[in-house]
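First the structure, in the form of structure tokens, and then the observations on it.
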Amino acid sequence: MTKAKIGIVGTGFIATILAPQIQSSKKARLDAVSSRTLAKAESFVANYPGAIAVEGADQLIARDDVDAVYIATPTSAKEDVASRALTAGKHVLIEKPLHSAASFKRLSALARQKASC
């Protein structure tokens with residue numbers, strides 16, 4: 001069975017909780033992690049052999065070797081990053097509520113649109 005290749009956008013607290021779970025999964029692997037600075041991403045992936053550090057969400061989203069993107073950014077950035085990832089054809093995981101119901105509706109509509117393509 002092929003493992004899903006997961007990328008994490010953000011290196012904050014929630015990413016430190018999730019990354020070991022992905023790494024130990026039989027169905028997924030941590031493939032890439034992005035941060036606003038490459039140094040932060042490199043420091044984060046040092047604990048996860050095989051994961052690649054990239055600078056910025058767009059660099060992670062553009063990777064062909066990432067199937068799904070876990071958005072571990074502040075709430076104010078989630079919709080923008082999720083929208084870009086969905087537009088690129090990635091599966092998206094978000095760990096906490098978006099900042100509004102309208103934001104949820106926009107992302108849900110985009111996800112449905114991309115799924116029907």
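When reading the values below, keep in mind they use all heavy atoms of this one structure, side chains included, and skip hydrogens, waters and symmetry mates.
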*What pairs of residues pass the side chain to side chain donor-acceptor pair (under 3.5 Å) test when at least one of them lies in residues 78-92, not counting sequence neighbours?*
D58-R84, K78-E95, E79-S103, E79-R106, D80-R84
Consider only side-chain heavy atoms of I, L, V, M, F, W and Y, link residues closer than 4.5 Å, and tell whether [X] and [Y] are in one cluster.
X   : Y   : result
L18 : L93 : yes
V54 : V92 : yes
L30 : V66 : no
I71 : I17 : no
I52 : L38 : no

*Looking only at heavy atoms, what is the nearest atom pair of A41 and S35, with distance?*
N-CB, 3.8 Å
*Yes or no on side chain to side chain contact (heavy atoms under 4.5 Å, CB included) for L98 and T75, after CA distance, side-chain angles and deciding distance?*
CA-CA 6 Å; L98 296 161; T75 300; 5.7 Å; no
When the side chains of residues 3-16 are checked against the rest of the protein, which donor-acceptor pairs come out under 3.5 Å, sequence neighbours left out?
{"unit_1": "K3", "atom_1": "NZ", "unit_2": "S25", "atom_2": "O", "d": "3.2"}
{"unit_1": "T16", "atom_1": "OG1", "unit_2": "F13", "atom_2": "O", "d": "2.5"}

*Can you list every ring pair (Phe, Tyr, Trp, His ring centres under 6.0 Å) pair that touches residues 59-79, not counting sequence neighbours?*
none
*So, do R112 and S108 sit near enough that their side-chain heavy atoms are less than 4.5 Å apart?*
yes
*What pairs meet the salt bridge (charged side-chain N to carboxylate O under 4.0 Å, His left out) rule with one or both residues in residues 15-39, with sequence neighbours excluded?*
R29-D31
*Report the residues that fulfil salt bridge (charged side-chain N to carboxylate O under 4.0 Å, His left out) with D64, sequence neighbours left out, ordered by chain and then residue number.*
none
Donor-acceptor contacts under 3.5 Å from residues 42-49 side chains, at least two apart:
none

